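Heavy atoms only: backbone and side chains are in, while hydrogens, waters and symmetry mates are out. We number each residue from 1, following the sequence as shown. The shown structure was predicted, so the numbers you read here are calculated from the model rather than taken from an experiment.
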Amino acid sequence: MSKEKFYITTAIAYTSKKPHIGNTYEIILTDAIARFNRFIGKDVFFLTGTDEHGQKIQEIAEAEGITPKEHVDKIASQIKDIADMLNISYDKFIRTTDDYHEKTVQQIFKRLYDKGDIYKGEYEGWYCTPCESFWTNTQLVDGKCPDCGREVKTAKEEAYFFKMSKYQERLMDYINEHPEFIQPESRKNEMVKNFLRPGLQDLCVSRTSFSWGVPVEFDPGHVIYVWIDALSNYITALGYTPDKKDDLYNKYWPADVHIIGKDILRFHTIYWPIMLMALGEPLPKQIFGHPWMLVGEEKMSKSRGNVIYAEDLVKHFGVDAVRYYSLHEMPFSQDGTITYEVFISRFNSNLANTLGNLVNRTVAMINKYFDGEIQAGDTAGEFDEELKNIAVGAVVKIIKKMETLHVADSLDEIWKVVDRANKYIDETAPWVLAKNDNDRARLGTVLYNLVETIRIIAALLSAYMPETSKRIAEQINASDLSYESTKTFGVTKAGTKVGKAEVLFARIDTDKKLDELEDEFGDGEKIELAPFKNYIEFEDFEKLDIRVGRVIECEKVPKSSKLLRFTLQVGSNTRQILSGISKYHKPEELIGKNVLFVANLKPRKMMGLESYGMILSAEFEDKLTVLTTMNDIQSGAEIV
């Protein structure tokens, strides 16, 4: 009987720079899902890799004085090393500079061109290099990229375009007929509302202004743009070509799930399905846009100096502790957070105290009371059945959680078993039983039940914390950690000798470790500020009329994803101002605040509304923070 197949992928990592733990979270998440599906008996193929072309990479390499290939070789090696360090069980690591991939991308481009889905034209508009995206005038927000808020450049060049609108209705129908296609639900709603319903524009799919990319075979002045190049990896890795499909492709495609960051959802849920429709290939079954891992409340950024790297966490806490935190602390649809303080707290409470202590105490008691030999569990008593039922019932609950990719919740199900086993120790008090020879058989049963529960825990942990699973199995000398064995209580054979009780996770002195981390990473990365502007005369500054306004109303502007409409109390008057900051502030958090604004700008119409001034904000990398006064002050007061 053949196994059910399961094909899972990460988004391929962009090789602009070494990834931090926020980037690395995705591959840990995907690995746990892949391992669990192998555990329950599926034939899994797990793909990851690197995205290595584009203008941004060419510019970085030129700045470094090396070739783009030398740059991507270095970063791709770092990314692969990080994956290996974190015990990632990928089946294939693809690079978009691999010869077979580049050749197939050229064939895909030609096939779409021959079909009439790609045509030659000219692009004129705005381009954001970090996002590798083109924008029209109306899409810009305050003259900047609507996705990242950075500066854009004018661009005019000959290009090939893909007819997206041709497949728009077909994609809408598919999404409506397959409600599970885009997950979580909020991500699906976002894609439909913001992109599909307003209508799709044709997509620029080639560039002539740089050379680091896959050449268009029949028009060598063009390189194939990132979306066709990078997205195609999911099928080129399986041996797909437009004319021939290898056995690997026939076996595993369509993908069961693409695991991607929520920031690249549009490319995977709109561009990629439409490409596949144009090629006549099946669509992936599901695309899961996971949330971000933040440091405190902020995204990780070198310029902020808040970057945390996986290898530094592994150095201080170990691989499985990093895997546990990454999997357990990230919600299904909301952004998660990482700080050293919280990491240490979870390490001590969940790993050292709860899991580690259970295993250590049990093995130590078997060594102490029975010279390391597991006794027969045939003297039943109170609390036994509840422990057994919770232990053998866990796997069904975990499968249900994992089927919907609620990975953190599935780990909670394992910890319910761990918690119940610890409670069982307190209820049965083995140290009391050991004092009476008449209770010796009962003591042996209690310890047998604990060992068998721990064996099931070790088996269930194998997808999430594989090394910890092995270490637990070695201590209790368990040979069967199979999926089937987790459904049965009583697999462990009496007479089995346990090993030496070893500490799985040594409790951390919080203050000492934080001091150690501060000494090592306290200075952080050098913060790179925007360059200072040229000097001005004081008379120029005096021309600005900057005032204090109290926010009495604030709301989102309909049909705008960026604009907030402010009504400010300015002395005895009110003033309406529009500001493109809705991605950084919620309207309700600004009401009642005293904000600073430029009062003597000429009125400007945006989205059909007049704006009489400009709210002042501090800009740092990709975040804007509205400037407010420290103390209460009369609205209308002049800033001097």
Side-chain angles (χ1 to χ4, degrees), residues 8-17 19-30 47-57 75 79 94-96 105 127-135 139 145-150 162 164 171 175 181-196 200-201 203-205 213 224-237 255 257-276 283-284 286-294 299-301 330 332-336 405 561 583 622:
I8 186 170
T9 72
T10 67
I12 50 177
Y14 197 50
T15 47
S16 58
K17 58 188 176 183
H20 52 62
I21 186 62
N23 308 131
T24 310
Y25 156 70
E26 181 177 298
I27 201 168
I28 298 173
L29 173 69
T30 309
L47 176 70
T48 191
T50 46
D51 175 7
E52 303 186 10
H53 291 125
Q55 182 176 353
K56 185 176 180 180
I57 286 173
I75 302 298
I79 291 169
I94 188 173
R95 297 180 57 183
T96 56
V105 166
Y127 181 67
C128 176
T129 301
C131 291
E132 306 227 32
S133 295
F134 289 101
W135 304 104
Q139 290 173 317
C145 173
D147 271 0
C148 72
R150 293 182 176 94
F162 183 54
M164 299 287 287
L171 179 58
I175 291 172
F181 179 57
I182 304 172
Q183 290 295 316
E185 182 79 11
S186 58
R187 311 269 193 261
K188 177 178 76 174
N189 296 337
E190 178 188 342
M191 291 301 104
V192 171
K193 177 183 176 182
N194 295 342
F195 298 102
L196 283 170
L200 295 176
Q201 296 182 339
L203 180 68
C204 178
V205 290
I224 297 171
Y225 198 33
V226 60
W227 310 128
I228 289 183
D229 174 13
L231 291 167
S232 296
N233 91 91
Y234 302 123
I235 54 178
T236 65
V257 61
H258 291 317
I259 305 293
I260 62 165
K262 63 178 182 177
D263 52 329
I264 54 173
L265 203 65
R266 178 170 83 251
F267 315 122
H268 283 78
T269 60
I270 298 176
Y271 300 171
W272 177 226
I274 286 178
M275 282 173 55
L276 289 166
L283 272 56
Q286 189 172 79
I287 298 163
F288 177 67
H290 65 73
W292 287 331
M293 181 182 283
L294 308 177
K299 285 181 69 177
M300 290 185 207
S301 159
M330 289 293 292
F332 176 71
S333 59
Q334 302 298 316
D335 291 338
L405 305 181
S561 61
K583 68 183 287 190
D622 59 351

Find out whether [X] and [Y] are in side-chain contact, i.e. whether some heavy atom of one side chain is under 4.5 Å from a heavy atom of the other.
{"X": "E26", "Y": "T48", "answer": "no"}
{"X": "F288", "Y": "R187", "answer": "no"}
{"X": "M275", "Y": "L231", "answer": "yes"}
{"X": "I274", "Y": "F162", "answer": "yes"}
{"X": "T96", "Y": "T236", "answer": "no"}
{"X": "F181", "Y": "P284", "answer": "yes"}
{"X": "D263", "Y": "W292", "answer": "yes"}
{"X": "Y234", "Y": "H268", "answer": "yes"}

| task | Test side-chain contact (heavy atoms from CB on, under 4.5 Å) on L196 and I175 and set out the steps. | result | CA-CA 11 Å; L196 283 170; I175 291 172; 3.6 Å; yes
[X] side, atom [atom1]; [Y] side, atom [atom2] - distance, nearest 0.5 Å:
{"X": "Y271", "Y": "L200", "atom1": "OH", "atom2": "CG", "value": "8.0 Å"}
{"X": "I57", "Y": "I75", "atom1": "CD1", "atom2": "CD1", "value": "9.0 Å"}
{"X": "L405", "Y": "I259", "atom1": "CG", "atom2": "CD1", "value": "5.0 Å"}
{"X": "Q55", "Y": "C128", "atom1": "CD", "atom2": "SG", "value": "10.0 Å"}
{"X": "I79", "Y": "K17", "atom1": "CD1", "atom2": "NZ", "value": "11.5 Å"}
{"X": "L171", "Y": "T269", "atom1": "CG", "atom2": "OG1", "value": "7.5 Å"}

| said: Determine whether H53 and I224 satisfy the following criterion, side-chain contact (heavy atoms from CB on, under 4.5 Å), listing intermediate values before the conclusion. | reply: CA-CA 9 Å; H53 291 125; I224 297 171; over 6 Å; no
| remark: side chain to side chain donor-acceptor pair (under 3.5 Å) filter on T15, not counting sequence neighbours, yields none
| task | Look at the side chain of Q183 and the backbone N and O of Q286, then say whether any donor-acceptor pair between them is shorter than 3.5 Å. | result | no
| task | Go through the steps to decide whether R266 and N194 satisfy the test side-chain contact (heavy atoms from CB on, under 4.5 Å), and finish with yes or no. | result | CA-CA 10 Å; R266 178 170 83 251; N194 295 342; over 6 Å; no
Ignoring hydrogens, what is the shortest heavy-atom contact between [X] and [Y]? Give both atom names and the distance.
{"X": "I264", "Y": "A11", "answer": "CD1-CB, 3.6 Å"}
{"X": "T10", "Y": "G49", "answer": "OG1-N, 4.4 Å"}
{"X": "S333", "Y": "P184", "answer": "CB-CG, 3.6 Å"}
{"X": "A230", "Y": "I12", "answer": "O-CD1, 3.7 Å"}

| task | Indicate the ring-plane relationship of Y225 and W227, choosing parallel, tilted or perpendicular according to the 30° and 60° boundaries. | result | perpendicular
| request: Look at the rings of W272 and H258 and say which category their plane angle falls in: under 30° parallel, 30 to 60° tilted, over 60° perpendicular. | output: tilted
